[in-house]
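Atoms within a ligand are numbered from 1 in the order they appear, just like the ligands themselves. Computed from a predicted model, the values in this text were never measured in an experiment.
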Amino acid sequence: MLYSSDILALIKSRNPIEAVMGQTVALKRAGRDFKCCCPFHSEKTPSCVVRPEEQYFHCFGCGAGGDVFNFVMRRDGLTYPEAIRELASRSGIDLPDYQNGENFANAPARTDIFAANREAAKFYYETLINSPLAEKGRRYFNERGLSPVTVKKFGLGFALNQWDALSKFLLGKGHTEEVLIAAQLCRNGKNGGLYDFFRDRVMFPIIDTRGNVIGFGGRIIDTDGPKYINTPETPVFHKGKSLFAHNFARKTTADELILAEGYMDVIALHQAGFDNAVATLGTALTPDSAREIVRTREQVVIAYDADAAGQAAAEKAIKLLSAAGGRTRILKTVDAKDPDEYIKKFGADKFRQLIRNSENAVTFKLKQCENGLDLDVPAEKAEYIKRAAKVLAQIDSDIEREIYINEVAKQTLIPIDSIKHEAAKNIKKTENTRESREWNDLVTKTALNSNTGSKEERAENAVFEFLLKNPEKTQEMAQRICSDDFVSEFGKVVFEKLTEISKNYVDFDISLLLAELSPEFSDKIITIYENSNMTQRNEAEAYEFADRLKNSKIPQNEDEFLKAFNL
Ligand SMILES: [Zn+2]
């Protein structure tokens with residue numbers, strides 16, 4: 001295996017399949033997905049689906065399918081590794097040497113990086129609490145109103161204004177230079193030796209949903225320099241993907257997540273009892289982080305700063321979150337610049353009310369349409385209707401659209417039908433219901449019919465349908481059945497690869513599997529993946545199919561069977 005799942009995920013996040021395919025074929029929206037005429041066989045009506053959420057395409061007509069690398073590989077006549085290198089270089093990602101095909105085994109293990117990060121977080125925390133030199137760090141958190149309990153809960157810390165306090169400590173604990181550099185905790189100095197990446201800053205450890213410390217944010221207090229810096233990209237840390245406080249927020253009992261702008265906002269919210277707050281890591285929301293959020297909760301309350309920049313960012317966030325399938329509401333803090341200040345001024349109960357009263361995205365966008373317009377002036381009212389019609393046209397549900405059309409009508413005193421007419425002009429013909437019904441039929445029917453083949457092959461496919469959706473169960477499955485129990489060559493190869501991947505990687509990414517398969521097998525595995533959305537195999541079913549496969553072997557290898565039982 002030449003590539004790490006992290007680097008593949010990073011390249012994929014910079015080259016979303018819908019964007020890459022969109023350069024070659026015209027994509028049309030179909031709910032959360034896109035449809036298009038297949039780039040690999042000739043047709044007039046679309047039978048190819050692109051699923052942005054899972055980052056693959058599949059043609060119901062000819063069976064072609066795969067991830068973004070498979071697409072580029074097929075389109076440009078490349079091999080899979082060539083397609084990886086092509087997309088990496090196009091998006092400015094340097095593939096480390098070992099991932100150019102040399103020696104992956106030499107790269108520091110993720111677990112070593114996690115261990116070094118954890119020890120570093122402890123060191124920063126101990127420094128904050130105990131060091132006489134960390135007085136200003138303590139003062140900073142104290143002035144921001146954080147209790148010692150909160151400081152401990154978030155493991156906040158302080159990086160001393162020294163060149164090698166952390167490096168010396170971690171080397172003394174037995175972590176290697178190589179690991180510290182890979183973790184971006186330290187860097188190589190000009191005259192040899194290491195120096196610390198974070199110095200003279202209060203520290204915010206970033207913890208993933210499995211409890212691993214994956215990186216840090218560091219804020220400067222009173223000296224010059226960039227206000228916040230974050231750990232640069234490492235094998236375990238991707239700024240555009242992870243969320244701050246996701247480790248806590250994923251366990252919330254609240255129905256929604258609160259998306260705040262920065263670390264301090266999030267911490268203040270948690271301290272005030274809102275354990276569902278998260279923030280992105282010093283960058284704007286990305287499609288990846290939007291997906292992470294929506295995967296945790298479909299409902300998202302955006303609580304950005306009240307200033308113009310915050311509101312503009314909120315507008316972008318609405319787009320990304322709805323593209324990821326989320327439903328958004330916008331919270332506006334009146335008489336306070338951000339949620340932190342609001343809670344300090346008015347208390348947690350008022351803030352809870354604010355959440356309850358937060359506007360949904362449509363209302364927010366309709367209000368934005370009023371910007372700079374005086375609705376008492378007829379010409380400006382007409383401009384407002386034009387802008388509002390575009391917002392209305394974007395609403396998927398007919399009933400919901402009706403509700404907002406009524407609201408706009410009430411507000412402007414323009415007849416409902418006129419507004420409807422204006423909105424209808426903006427609704428693209430391609431999205432009409434007849435066409436989308438036909439499309440849905442195609443998707444459902446073909447998916448259910450394509451699971452043909454011998455009984456054994458269908459059992460194999462069912463096992464894979466389950467494992468592709470539940471890759472963490474692969475090892476358990478491997479204890480029941482081995483690749484030799486699979487009847488088809490396809491089954492044997494795929495199961496062997498899946499087992500190998502589950503042994504070597506913490507995170508499963510379907511690209512790890514696709515990288516190992518022939519184009520023919522890739523198409524097949526994507527067809528199975530597509531079917532798995534329909535069949536939703538559960539564990540019990542999957543094990544039953546596995547047992548059948550194992551048993552069907554008995555008559556074929558009677559001798560071996562008898563030998564095995566010493567008969
Ligand atoms: Zn096709």
Matching residue for His246 among Thr296, Ile293, Asp208 - test: side-chain contact (heavy atoms from CB on, under 4.5 Å):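 For His246, the side-chain contact (heavy atoms from CB on, under 4.5 Å) test succeeds with only one of Thr296, Ile293, Asp208, which is Thr296.
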Presence of N, O or S from Cys62 under 2.8 Å of the Zn ion (ligand 1):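 So Cys62 does bind the Zn ion (ligand 1) by this criterion.
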Geometry at the Zn ion (ligand 1) - Cys38 SG versus Cys59 SG angle, rounded to 10 degrees: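 Value, to the nearest 10 degrees: 110°.
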Of the N, O or S atoms in His41, the one nearest the Zn ion (ligand 1):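 Looking only at N, O and S atoms of His41, the one nearest the Zn ion (ligand 1) is named ND1.
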Residues Asp255, Arg297: salt bridge by 4.0 Å N-O rule: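 So Asp255 does not pair with Arg297 through a salt bridge.
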Exceeds 12 heavy-atom contacts within 6.0 angstrom, atom NZ of Lys469: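 Above 12, so yes.
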Salt bridge (charged side-chain N to carboxylate O under 4.0 Å, His left out) against Arg387, all qualifying residues, sequence neighbours excluded: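 For Arg387, the residues satisfying salt bridge (charged side-chain N to carboxylate O under 4.0 Å, His left out) (neighbours in sequence not counted) are Glu383.
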